[in-house]
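Following: one structure in structure tokens, then a few remarks.
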Amino acid sequence: MKALPCAHPILTCQEAAQLENAILVDDAAEWAAMQQAGIGIAKAVCLDYQELQPLPQGLNVLALIGKGNNGGDALIACGQLLADFPRARVTLIFAVDPASLKPLAARAYQQLKGRVSAHQVDAGSDEAGIQTLLRSASGARAYDICIDGLLGMSFQPPVREPMRALIEAVNHYDQICLRAAVDLPSGKGDVSDELSFHADFSYATGIAKKVLFDGIAECGRVRTIDLGFFVTPEGAEVDASEMVLNDCVLDPLRKLRPAAVDKRTFGHIFIVGGSAFMPGALLMAVQAAVRSGVGLVTAFAPASVAATLAAQVPEAMWVPWPETANGTLNPRAMPLLLDRIDQATAVLVGPGMGKDRNTEMVVQDIVKLVALPVLLDADALRIRVLELVLKRKPEMGPVILTPHMGEFMRIAKLEKPDYSNETLKTFCKSYRVMTVLKSAHTRLCDGEDIWYNVCGGPVLSRGGSGDLLAGLIGGMIAQDHAGAQTSAARGIVLHGLAAQRLARAHGQVAVHTTLLLDYLPSVLRGC
């Protein structure tokens, strides 16, 4: 496992259970962790709910309670929600007799008695009967939040009655705004049943489990509730090739910069892209790079649009590039870049440049001749370009790719989408590249290890989001205070956290892509 600051290992449920047993050595430690997990879930779910609408003071909460620790976590989360929202209404539905709760879950329930409405499904309950119960217990309102605390990581299939009927009833009940799973959706595990709770968010407590990352967001969006497991000597020794990024990777950017610096201290990114018919992608990449903290940005733009773009981002230096008859960059103008290349610390190429043979030649020349770190995005992602990466000399800088799945299918020669880690690792090894594969769970891969980003969300499912990401990553790599892996990770996490803040302020739908940039400062300043 290669070290990367602020990344925690992703483990199987069995591995996670073994690690927890080693860390939580007695009831006191387990109770402290349960309290931390429950409170963390309550705080996190309130933030995520704001992507729908502002939180109502009279929050209506439904919690599904099993007998184990996940049930205890859910009960403590309910207690925290009641503390934060005194007018909240909490309905508990037990899948077991409350008298059979494990000791810590029973302790958590005792703290709630008298403040919640509690119900139990019995062995004869069916889906229709449970839905009737859900309606009658709701107070004639939709449930704002449903918290699933039925089954944990030690679950072994099948899901038995009446829990099966309860999960199916809740899955089909349409009067729930946000569905939150404690640790992982009930029914999921190393060996999963065919039935599981349909989660919008899964709040991994302490350790992120591999099942959460299978496929493409089958468990909803993943959040990690850090319980401090990986600051102990035991945690530091955990070996894993798959990691989840933590936002503390941004901490060096949150500190005061030294006094004795100037713009040259923070790197110089060259950005090559755009075309007469698609200048916006280049503009967005440049806007993001300017906001990344890099010292200098030089953009090479088609001559017909360079002046217009320069007026919109005067902080960057704009170099007009002669065009072909198609309005794309003319490869004969490469000296414009090569004559200045000793000023740069990294090069980003691709946003909006088009896919004709002329632009492919431009990218090929950059890969062959530029010894700096090179970031290939969008239209620069071509198979023949990657073949030239293999010919780069060992002392030349790394090549980083930022494809979405459609582009990855093209360059990896796939017939259909493939989200497996092995396919991604094999691709990166074969071409000796680092890849940021954008999807519901964006992954950073160097051919050996994989780092997951769980920040972001559907608000990024719009044109231009990738251009902003490329500009941020390029700006981070140009600063290069920590190496390409960490720099790429910082760009990914910063982009994702800003997207979350955008969605919480304005929702997921009616927003401008570039509005994301206005939330970068608050991510770094913690406000």
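Computation of the quantities below employed the complete heavy-atom set of this structure, encompassing side-chain atoms and omitting hydrogens, waters and symmetry-equivalent molecules.
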Kindly confirm or rule out a cation-pi arrangement of Arg504 over Tyr519, judged by NZ or CZ under 6.0 Å from the six-membered ring centre and within 45° of its axis? no
Give me the atom names and distance for the closest heavy-atom approach of Gln508 to Pro458. OE1-CB, 3.9 Å
So, His404 side chain and Gly406 main chain: donor-acceptor pair closer than 3.5 Å or not? yes
Distance-only, no hydrogens or angles: does the Thr435 side chain make a donor-acceptor pair with backbone N or O of Leu401 under 3.5 Å? no
Pairs of donor and acceptor atoms involving the side chains of residues 57-72, under 3.5 Å and at least two apart or interchain, shall be tabulated with distances.
residue : atom : partner : partner atom : Å
Asn60   : ND2  : Ser138  : O            : 3.0
Asn60   : ND2  : Ala142  : O            : 3.2
Asn69   : ND2  : Glu30   : OE2          : 2.7
Asn70   : ND2  : Leu151  : O            : 3.1
Asn70   : ND2  : Val182  : O            : 2.9

Minimum heavy-atom distance Ala180-Val45, with the two atoms named: CB-CG2, 4.0 Å
Ser125 side chain to Asp122 main-chain N or O, any donor-acceptor pair under 3.5 Å? yes
Smallest heavy-atom separation, Ala33 atom then Leu227 atom, equals O-CD1, 4.0 Å
Treating Gln18 as the side-chain partner and Glu15 as the backbone partner, does any N or O pair qualify as donor plus acceptor under 3.5 Å? no
For the residue pair Phe94 and Tyr109, does the interplanar ring angle fall in the parallel (under 30°), tilted (30 to 60°) or perpendicular (over 60°) class? perpendicular
Flag, side chain of Gln80 to backbone of Ile76, donor-acceptor distance under 3.5 Å: no
Can you tell me how far CG of Asp467 sits from CG of Asp377, rounded to the nearest 0.5 angstrom? 6.0 Å
So do Leu81 and Cys46 actually touch side chain to side chain, heavy atoms under 4.5 Å? yes
Distance in Å, Asn171 CG paired with Leu166 CG, rounded so as to fall on 0.5 Å steps: 9.5 Å
I want to check something: taking the side chain as every heavy atom from C-beta on, are Leu444 and Asn453 in contact at a cut-off of under 4.5 Å? no
Are the side chains of Arg179 and Val170 in touch, meaning some heavy atoms are under 4.5 Å apart? yes
Are Cys78 and Val116 close enough that some pair of their side-chain heavy atoms sits under 4.5 Å apart? no
Contact check, side chains of Ile450 and Ser241, non-hydrogen atoms, under 4.5 Å: no
What verdict does the salt bridge (charged side-chain N to carboxylate O under 4.0 Å, His left out) test give for Arg291 and Asp518, after you've listed the backbone C-alpha separation in whole Å, the side-chain angles of each residue and the deciding distance to 0.1 Å? CA-CA 9 Å; Arg291 302 288 288 271; Asp518 292 338; 3.8 Å; yes
On a heavy-atom basis, which atom in Ile269 and which in Gly474 lie closest, and how many Å separate them? CD1-O, 3.6 Å
Quick one: CG on Leu184 to SG on Cys13, what's the gap to the nearest 0.5 Å? 5.5 Å
Closest heavy-atom pair, Ala478 versus Ala346, reported as atoms and distance to 0.1 Å, is CA-CB, 3.8 Å
Applying the side chain to side chain donor-acceptor pair (under 3.5 Å) criterion to Tyr452, which one of Asn421, Thr442, Thr224 satisfies it? Asn421
Between Tyr143 and Tyr173, what is the ring plane arrangement, given parallel below 30°, perpendicular above 60°, and tilted in between? tilted
Report the relative orientation of the aromatic rings in His8 and Phe230; use parallel for angles under 30°, tilted for 30 to 60°, perpendicular for over 60°. tilted
Do the side chains of Arg221 and Asp200 get nearer than 4.5 Å, heavy atoms only? no
Return yes when atom CD of Gln111 has more than 12 non-hydrogen atoms of other residues, nucleotides or ligands closer than 6.0 Å, and no otherwise. yes
Check the pair Ile147 / Asp73 against side-chain contact (heavy atoms from CB on, under 4.5 Å), numbers first and verdict last. CA-CA 10 Å; Ile147 302 175; Asp73 292 347; over 6 Å; no
Tell me whether Lys209 is salt-bridged to Asp214, with the criterion being a basic N under 4.0 Å from an acidic carboxylate O. no
Rounded to the nearest 0.5 Å, what separation is found between the CD1 atom of Ile492 and the CG atom of Leu497? 12.0 Å
Spacing of Ile207 atom CD1 and Ile23 atom CD1 [to the nearest 0.5 Å]: 6.0 Å
Yes or no on side-chain contact (heavy atoms from CB on, under 4.5 Å) for Phe155 and Leu150, after CA distance, side-chain angles and deciding distance? CA-CA 10 Å; Phe155 160 74; Leu150 291 172; over 6 Å; no
Before giving the answer on side-chain contact (heavy atoms from CB on, under 4.5 Å), spell out for Val90 and Leu112 the whole-Å C-alpha distance, their side-chain angles and the decisive distance to 0.1 Å. CA-CA 10 Å; Val90 174; Leu112 283 179; 5.7 Å; no
Do Lys438 and Leu460 come within less than 4.5 Å of each other through their side chains, counting heavy atoms only? no
Give a yes or no on this: more than 12 heavy atoms of other residues, nucleotides or ligands lie within 6.0 Å of atom NE2 of His119. yes
Without swapping roles, check the side chain of Arg141 against the backbone of Gln175 for a donor-acceptor pair under 3.5 Å. no
Counting distance only, does the side-chain N/O of Asp190 pair as donor-acceptor with the main-chain N or O of Gln14 below 3.5 Å? yes
Could you measure the distance from the CD atom of Glu242 to the SG atom of Cys445? Nearest 0.5 Å is fine. 9.5 Å
In this structure, which one of Arg490, Arg501, Arg254, Arg223 forms a salt bridge (charged side-chain N to carboxylate O under 4.0 Å, His left out) with Asp247? Arg254
Applying side-chain contact (heavy atoms from CB on, under 4.5 Å), run through His441 and Val222 and close with a yes or a no. CA-CA 9 Å; His441 295 139; Val222 178; 3.7 Å; yes
Okay, side chain of Ser465, backbone of Arg462: is any donor-acceptor separation there less than 3.5 Å? yes
Contact check, side chains of Phe408 and Ser439, non-hydrogen atoms, under 4.5 Å: no
Would you check if the side chain of Glu20 reaches a backbone N or O of Leu24 as a donor-acceptor pair within less than 3.5 Å? no
Nearest heavy-atom approach of Arg443 to Tyr419 is NH1-O, 2.9 Å
Give a yes or no answer on whether the side chain of Ser487 reaches the backbone of Ala484 with a donor-acceptor pair at less than 3.5 Å. no
State plainly whether the residues Lys429 and Glu422 are in salt-bridge range, i.e. N to O under 4.0 Å. no
